Amino acid sequence: VRNGRIAAGLGASALRVGGFVGLVVVLAGFGGQGRTSAQRVEVVAVLDQSHSIAPDQEVWMRNRVRDIASAMGPKDRLGVLAFGRDARLVSPLGDPRLASVERVAPDGGATDIASALSAAASLFSSDAENRILLLTDGNQTLGDAASELPAMLAEGVRVYPGVPPPSSTERVALTSFEAPWAVRANQRFAFRLAIESEAAHPVDVAVDLQRNGEPVGRETVTLRPGLNRFEIPYRMDKPGAYLMEPKLEAPASSVMLNGQIETALTVKPPPRVLLVATTPPE
């Protein structure tokens, strides 16, 4: 600047200030993210096949997977996993055109989304974009799916949920069956059960109560649209461990999704009481 080269002096000053600011930004840990097209994409379709899924909803999910497969390229890979209480592999990661969406038979008595996500994440390779297509009604009965997401996001696995449309069938499902943890012999107690009905009108269903696989009683109840709760009074006369199970029988116009649930019951011996009094009549 003293020599009259003002432009060169200002340019040098600007470069030095810019370099200093850039060094400060880098040391402070700032960074930027950019997007580049992946060489290939790996997708695992996770299909809910628990008892809460109606047949027409299963058809919708299978069609959804077929749509995804037709949109994928020849270098991409598609796998299919079905789950309920457990997760089972339907089709391993491979050519999308060869992926199978046939129904398998996981334990449909519960819905464990967390285990299904963990099983799907274990199928991916490290040299592709990893995506999970989760098709479920979201009715989680086991596990905690939200706890699995932070680790999956850190590993670059993205989850895309899809909810099937409401079923057009009149479904009936036994959603819960509860018994006391333990009772005494000859003590009166009650089983509590909840039955969900999607019919638009009252429906009569039969409830068969079984003890260790043997029928012990039958009762007919009327279900109103929505969630219905009932109590079944009962009494056990012999101590021991029992497996109690109600079974539902719905009319032919309804679709039974979950018609039976098992629960354990412990029956203790009756108490022995010693009464001490000061007068003989007492």
Side-chain angles (χ1 to χ4, degrees), residues 45-67 82-86 101-113 116 134-143 145 161-180 189-211 213-234 243-263 265:
V46 182
L47 280 62
D48 188 347
Q49 291 189 353
S50 61
H51 291 324
S52 63
I53 301 297
D56 56 344
Q57 293 178 316
E58 284 193 25
V59 172
W60 180 89
M61 290 191 292
R62 287 196 293 267
N63 291 335
R64 181 63 174 163
V65 175
R66 292 189 181 99
D67 294 339
F83 75 98
R85 186 187 302 272
D86 57 346
V101 291
E102 297 300 324
R103 195 182 196 282
V104 297
D107 184 352
T111 305
D112 192 346
I113 300 177
L134 176 63
L135 300 178
T136 177
D137 60 359
N139 186 20
Q140 177 179 246
T141 60
L142 290 177
V163 180
S167 175
S168 59
T169 59
E170 296 181 351
R171 301 182 298 177
V172 175
L174 180 61
T175 57
S176 68
F177 178 61
E178 300 176 355
F189 64 97
F191 294 108
R192 295 182 176 87
L193 64 153
I195 306 175
E196 182 81 19
S197 174
E198 293 185 347
H201 50 82
V203 176
D204 292 334
V205 300
V207 182
D208 290 323
L209 184 62
Q210 296 188 356
R211 181 179 62 193
E214 299 294 331
V216 294
R218 183 182 179 95
E219 185 176 353
T220 300
V221 298
T222 300
L223 303 181
R224 304 293 179 181
L227 184 63
N228 301 260
R229 299 185 183 276
F230 303 96
E231 289 190 354
I232 301 178
Y234 203 70
L243 189 63
M244 308 301 298
E245 178 183 18
K247 288 189 176 182
L248 302 185
E249 290 185 8
S253 59
S254 301
V255 175
M256 182 65 65
L257 295 183
N258 186 28
Q260 60 189 70
I261 298 179
E262 295 179 345
T263 188
L265 177 66

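Note that the structure is a prediction, hence the values are computed from the model and not measured. Numbering of residues begins at 1 and proceeds along the displayed sequence.
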Excluding sequence neighbours, so at least two apart, what forms side chain to side chain donor-acceptor pair (under 3.5 Å) with E178? none

Pairwise distance OG(S176) to CZ(R192) - rounded to 0.5 angstrom: 10.5 Å

Of all residues at least two apart in sequence or in a different chain, which pass the side chain to side chain contact (heavy atoms under 4.5 Å, CB included) check with R85? D107, A110, L142

I need the minimum non-hydrogen distance between L174 and A194, along with the two atoms involved. CD1-O, 3.5 Å

Considering residues at least two apart in sequence or located in another chain, which fulfil the side chain to side chain contact (heavy atoms under 4.5 Å, CB included) criterion with V216? L209, R211, Y234

CZ on R229 to CD1 on I195, rounded to 0.5 Å: 11.0 Å

Residue pairs fulfilling salt bridge (charged side-chain N to carboxylate O under 4.0 Å, His left out) with at least one residue in residues 50-59, sequence neighbours excluded: E58-R62, E58-R103

Yes or no on side chain to side chain contact (heavy atoms under 4.5 Å, CB included) for V207 and L248, after CA distance, side-chain angles and deciding distance? CA-CA 5 Å; V207 182; L248 302 185; 3.6 Å; yes

Output all residues satisfying side chain to side chain donor-acceptor pair (under 3.5 Å) with N63, sequence neighbours left out; order by chain, then residue number. R66

Run V163 and W60 through side chain to side chain contact (heavy atoms under 4.5 Å, CB included) and show every step you take. CA-CA 10 Å; V163 180; W60 180 89; over 6 Å; no

Looking at F83 and D112, what are the two nearest heavy atoms and their distance? CD1-O, 3.7 Å

Just jot down the side chain to side chain contact (heavy atoms under 4.5 Å, CB included) partners of E196, sequence neighbours excluded, or say none. T175, L227

Do you know the tightest heavy-atom contact between P180 and A190? CD-O, 3.9 Å

Steps toward side chain to side chain contact (heavy atoms under 4.5 Å, CB included) verdict (I113, L134): CA-CA 9 Å; I113 300 177; L134 176 63; 3.8 Å; yes

Excluding sequence neighbours, so at least two apart, what forms salt bridge (Lys or Arg N to Asp or Glu O under 4.0 Å) with R171? E198

Tell me the closest heavy-atom pair linking N228 and G226, and the distance in Å. ND2-O, 3.1 Å

Note: A116 and V46 closest approach over all heavy atoms is CB-CG1, 3.8 Å

Does the side chain of D137 come within less than 4.5 Å of Q57's, by heavy atoms? no

I'd like to know whether I261 forms a side chain to side chain contact (heavy atoms under 4.5 Å, CB included) with T263, so could you lay out the CA-CA distance, the side-chain angles of the two residues, the decisive distance to 0.1 Å, and finally the verdict. CA-CA 7 Å; I261 298 179; T263 188; 5.7 Å; no

Does anything in residues 244-262 pair up under salt bridge (charged side-chain N to carboxylate O under 4.0 Å, His left out), and if so which pairs, sequence neighbours excluded? R218-E249

Counting only N and O atoms by type, is there a donor-acceptor contact under 3.5 Å from the side chain of D86 to the main-chain atoms of G84? no

Residues which pass side chain to side chain donor-acceptor pair (under 3.5 Å) with T222, listed by chain and number, not counting sequence neighbours: D204

How would you list, by chain and number, every residue that makes a ring pair (Phe, Tyr, Trp, His ring centres under 6.0 Å) with F177, sequence neighbours excluded? F191

Partners meeting side chain to side chain contact (heavy atoms under 4.5 Å, CB included) with P215 (sequence neighbours left out): none

Kindly write out the residues that satisfy side chain to side chain donor-acceptor pair (under 3.5 Å) with S50, not counting sequence neighbours, or none if the list is empty. D48, S52, T111

